[in-house]
Amino acid sequence: MTTVLFYIFALLVACSAIGVAVSRNIVRTAVCLFFTLTGVAGLYFLLNAEFLAAVQLVVYAGGTLILIVFGVMLTNRLPSAGWDVKPWEKTVALGIGAVLASALVASILSLPPRAQPDESGAYPVLELGAALLGDYLLPFELVSVVLLVVMIGAAYLAKGRRRNREAQP
Amino acid sequence: MSSTLAIIGSPFIPGWDQLGAFLPELVLVAAIVGVLITPFFTERRNFACAVVALVGLVGAFVSVFAVAGEDGAYFRGLLVSDSLAVLWKGLLLLFTAGIVLMWIGTMAEAMREGDGPEFFTLLLGATLGMSLMASTTNLLMIFLVVELASLPSYVLAGFRKTHRLGAEASLKYVLFGAATSSIMVYGLSLAYGLYGTLDLAKIAEQMAVPGAQHVLLAVVLIGLIAGIGFKISAVPFHFWCPDVFEGAHVDVAAFLSVASKGAALVLLLRMVMLIGSAAGFEASAVTVSLAWTLGILGAVTATWGNLAAFAQTNIKRLLAYSSIAHAGYMVCALSLLVARRNEAPAADAAQAVILYLAVYLFMNLGAFTIAALVWRQTGSEQIADFSGLGRRAPIAAAVMTACLFSLVGLPPLAGFAAKLVLMKVLFDNGGWWTVLVFVIGINTVLSLYYYLRIVKVMYLQDRGEDVLGGPILPRVIGVACAAMLVIMLIGFGSLDRLTRDAGRIHDTNSSVAAVK
Amino acid sequence: MPLPATLLLIATLLPLASFVTLVFAGKRIGTPLAGVVATGAIGGSFAASIGALISWLSAADPVPWGAAREPILLLYKWVPIGQVGSNSTGWLDLGIYIDSLTLAMFTMVTMVALLVHVFSIGYMRGDKRFPRFFTYLGLFGFSMLGLVISATVLQLFIFWELVGVCSYLLIGFWYEKKSASNAAIKAFIANRVGDVGFLIGFGILFYHLGNVTLPNLWATLGSAGTLASGEAIGNFGYTLLTVMGIGLFFGAIGKSAQFPLHVWLPDAMEGPTPVSALIHAATMVAAGVYLCGRIFPILTPDAKLFIAVIGVTTLTMAALIAIVQSDIKKVLAYSTISQLGYMILAMGVGSWVGGLFHLITHAFFKALLFLGSGSVIHAAHHEQELTQYGGLARKIPVTAITFLIGVLAIAGTPLLAGYYSKDMILAHAAALGYLAEGQGRGGLWWAFFVLPVIVAYITAFYMMRCWMLTFWGKPRNREVYEHAHEYPVMYIPLIVLAVLSIIGGSYLGVSDLLQYTQQESNAIVRTIGGDAAGDVFASAWPVRSHNVMPPHEELDVAPAAEISLAGHVLEAGEHLMHRWVGWAFAIGIGLAVVIYWNGLTIAQRLTALPPLNWIHTWLYNKMYFDELYNSVFVGGVRGLSIVLGAFDRKVVDGLVNGAAALTRGLAVISGAWDKYVIDGMVNGAAAVARGIGSLLRIPQAGRIRLYVTMLFASVTAAVAVVVLVVLMRS
Amino acid sequence: MIVGLHHYLVLAAILLVCGIVTMLIKRNAIGILMGVELILNAANVNLVAFNHYLPADSGIRLDGQIFALFVIVLAAAEAAIALAIILSFYNNFASIDVEKASNLKG
């Protein structure tokens, strides 16, 4: 069962990731990305990380992606004609990808195999919470500072944005 | 300080009593809050925020002295405090305070009233991240603080949001930064996977075991070098640097030139020291290749920066390439740390880097301040518009000259001693490091040309413009920097003793493992 | 920090403070006030020096330092450089070294400088660059005092160069005058030639010993003075030591205007007269002698022989030229060279105290003479030719009287300053003659005594000639005569200096102070090197073995049992000296009075006679040294001077504006670099660098996708290479 | 064939390469941003998988999952900043084609 589910999710993730890479339409790219993120969430379920899967769905698929889609929609009036990428650039990109993929896969396969973990254990959500508010309280607090600063920065850039258009060089 | 907080009482918060060792960061957070609430009390929001930020930075700087000496690992090894961290924090806070002063002197009028709170929140946030970068050896914390340092910087680069070049600089910065940081996270995830821990000290220990050096470790190290190399702007991760410096305001460029690079250098320094301390030079293929990588990276970076600076016409762009070159010199010295850990030369190399940073801080602040002054008065950043500065603004020109000479490394300025010590440390190790000494030497000769070109423009070309007026504050900052450069040369011995401990953090690092 | 050290440090830094203030605010402070600021600073230095001297002389237990006790040596670890040389501490040390000589020099330099400052306020009043003049004087004061207080050879060299820079700036102060800027170039070149030697000597020293302090140097090499040929001290063979000593002495040749590099000093008189008084007569040119004094213990007998030969050549040559010069400042310039020759000779013949004693007394009366000439020139509306003067004593009586005192002092009139110091040198020279004769080395060695004695007569003659032509007789140029007048602000320094010229020899205790210095130096050398270290001022030359006794019948006095051999021979030398020199001043002065009683009439008749007119022409043209150098080094010097001329024009023009005068020089170098290297040599290294630079700028095309591509390409390449290497190996 | 650690790692590598290729061939700034998200997800898959397959003797340790959690949060923050900057760029250039951003060069 797990195996089947893994291959379903893996196929979903891989195919939609490739879709993200090759799709020329930005909306289609966004949809592909959504499927990728959902698939990754599925993988998290398989990896005994249910909480993370939920976060993935809520924050990533639900939040980040919506943000991206907003961005797409705000800027989508643009003509996408003439945005073609030169063939040699595609070749270089695929070359880099191929070399990196083979190098990585080769080295991953040389990693010694690890024992299957005991699947019987309950999901350690209590431990996760304790760790987050215990050992990892400091980064937890720090990330709130990051978010505060980021929020202010993003809001600054986004607000009153059409001011002084004509004053530009 | 820990005792002070203990008296306040310990709410049920893990590690509450350990916060005292990070008082400077706490003061910075308080300053961020202060900046955010200041607009509610005053009409002159920009200026008030600047003052609040300045007070916060100075307060944080003062509190650095209070936490000096509280060495050890805190929060179960998430953060460490030692002489290296304390020194860097002191330098960073001093420098950022200088940037705020420079902003008051030259940039304040260029900013729309009301944007101050955002600007200083971002500046202080980035400073917080950069100050923590010197204090951590945990993979999670490394990622977190690098992002905390980077994210506000992206916005700062494009803070002039109606300015095309600013927007372009910002976009390039964020995309390049996102690319490198994502590569770094991928590397970090592999590091976690290989060794099952997030603590770099433990990872380094396991890494030293010959059998435990899997090929994926290369991906880990390359990812780390990419992520940190991006902040240092080492070749080939430097492409953002000239563009961002040119597109950003002078104050932001000045801030990034020292603070961002310095923080990343200190982080890299700590990491290579850890890796080196776990395994000696000959013992491990990892340290050998890392030493070679860093040496080549430094040499290429220095040469690339200097050569590309030759034909620049924009002062900020030129200083950007100059900062790349200087980062290269320091990376050269880092190669010693991996190679000769547990021996005195490695400690000397770490100390040389810190000394170089300390000197570099003042020469860059001075040069950028004068550039800002010229920009404010003429609206131009072209080197050609420095013509006749020797007559139009003799003090500014003299300060600029002093800073440039120090950047070249000419006596009687501190850049000379800093470079001398750096080269001497490399030279003492002999072998291939002698090549690095030659590279730095040749680069110094190369750099002479483009730095002196500015001096030439200032003194020998004169298009007969009027006297360059402007506020007194930037001149005061500039003169203070130039004076520091002279004082630091004379006082180099004291400086050396002051920073003696910076390179000798090995003991506190091994205690990280003990705490956990 | 001990009190004298603190005070002397303050004294050193005050002129620097004045320099910095005037650099930035000189123009704003304005004409009379800038002078007052600088004068106040140097006055503070003088007061601090006096304070230091008093505390030095009155020092008692528990402090270890003090007169005739131990010197103060404070070291500061400056730049860590690791192990260089055998004596290294791992640092480039800087330091303060204070002994009685330091205090004597400080007091002398600050006193003369103070008087020159006061004089200059009057003398330079009309000049449009008045503040700049005092700016340079401040820098000079700092450099000179820094030189004197230096504890290490490196420091000596740094301040040595700084002093040279000041001299260059001040000679060319009136750079609009072609002759002034040429003179500055000439001084620059001559000093560089000397510094090359200095650098060679310093290089040898540094290579073997590292950056040593002076006492360390003496403790290590202090026995060089009695070293025999073929012996060695540690790594230093006799020849190496000799080469090193002569190398270092070359610096002194340049700075103290010794033969054959003396040509710059007379030309340097193109600078303002107060500068001539301060720098080119009293202080800076004496720095060479001071340097010799500091390196004296490491000079081998052969190095001393070289020094003595240079000294005696210089003093004779300069005195002869001085006889016929018609420019009042040129006369004084050649007399300065000649007197410096005496000092150098003193170092060569082992009269350490005599040389430095003469340095200090000479500073007093030569500053007096130069300031007096300045007063004359000022009174005569910048007319400097002796032929245009005459009878000025009636118009400027204070100047005339003080000038006469100076003339008497330099002529060696008994009881005046010059008498004591010159006699001390000549006594040593005579003793040397005895010693050499005792070894059967032949009569040529007596030249070191005979020539200076003859020159003592000549000195009295030409100085009196100068005075007679200026102040005596009938006015030869009525216009000059009518307008002559003098100011109190200018003649008060003259009076002070005249008093010093009278009492400086016997009553101020200068020679005692110098004797203390020897004891102090030996004390610190014993502290460092152990009790075995002997007297580092012992000089074996020319007696390489102490046991060789000159025949008793050669000496005029019977050997007394209780005095040492050296003391014994010295006593004989004194007798001989008194017999021959005692009345030199009277004869020389008398002859001059007789010949020049009626102005130039007798002299003109004399110089028309056939053999005398040739000699006159030869001497008048300064023995054709300039022409000789011009023809010998015609290509080189011309080319160099054209380059330096361009350099100079730009530098000196650049000085008009801007505070950072020196930086302009480097700007010019950069300009020349740009012009000649970049444009001129298209294929030069810089062009290549620039070419590579523009190649490197191709990837920086502004395209973010290109950047990211290169980023990932390099990451991928790195990963691929490592994976390939590792997987292939396993 | 039992699904093991290697399967997840290879999948993550594929995600990484897709992300890199996306960054290289997109001219749309938002597209490039999506590439970044893919790479971050690759890292997260690695982290969670490694955490799952930790050696058995180590007890319950959740470092990897927590790291992944922070990566998700910071990715969101980064996306927010990047989008704000892209909007600012759009306001100035009326385009989000990154090829337009080529004024700063040399």
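Residue numbers start from 1 in every chain, and the chains themselves are labelled A, B, ... in the order their sequence lines are given, proteins ahead of strands.
- When B:R392, B:Q312, B:M458 are compared by the number of non-hydrogen pairs under 4.5 Å with chain C, B:Q312 comes out ahead.
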Verdict with supporting geometry, B:D243 and C:Q700, side-chain contact (heavy atoms from CB on, under 4.5 Å): CA-CA 9 Å; B:D243 291 4; C:Q700 196 78 33; 3.3 Å; yes
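- Heavy atoms closer than 4.5 Å to chain C are found in the side chain of B:R497, but not in its backbone.
- Of all the listed residues (B:A417, B:A218, B:A308), the one sharing the greatest number of non-hydrogen pairs under 4.5 Å with chain C is B:A308.
- The line from CD1 of B:I183 to CZ of C:F712 is 4.5 Å long, rounded to the nearest 0.5 Å.
- Here the options are B:V219, B:I225, B:T180, B:I222, the test is side chain to side chain contact (heavy atoms under 4.5 Å, CB included), and the partner is C:V715; only B:I222 passes.
- When heavy atoms are compared at a cutoff of 4.5 Å, B:S494 approaches chain C by way of both its backbone and its side chain.
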Mind running side-chain contact (heavy atoms from CB on, under 4.5 Å) on B:F239 and C:L711 for me, showing each step along the way? CA-CA 9 Å; B:F239 291 108; C:L711 161 72; 5.8 Å; no
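- If you measure heavy-atom distances from B:Y321 to chain C, the contacts under 4.5 Å come from the side chain alone.
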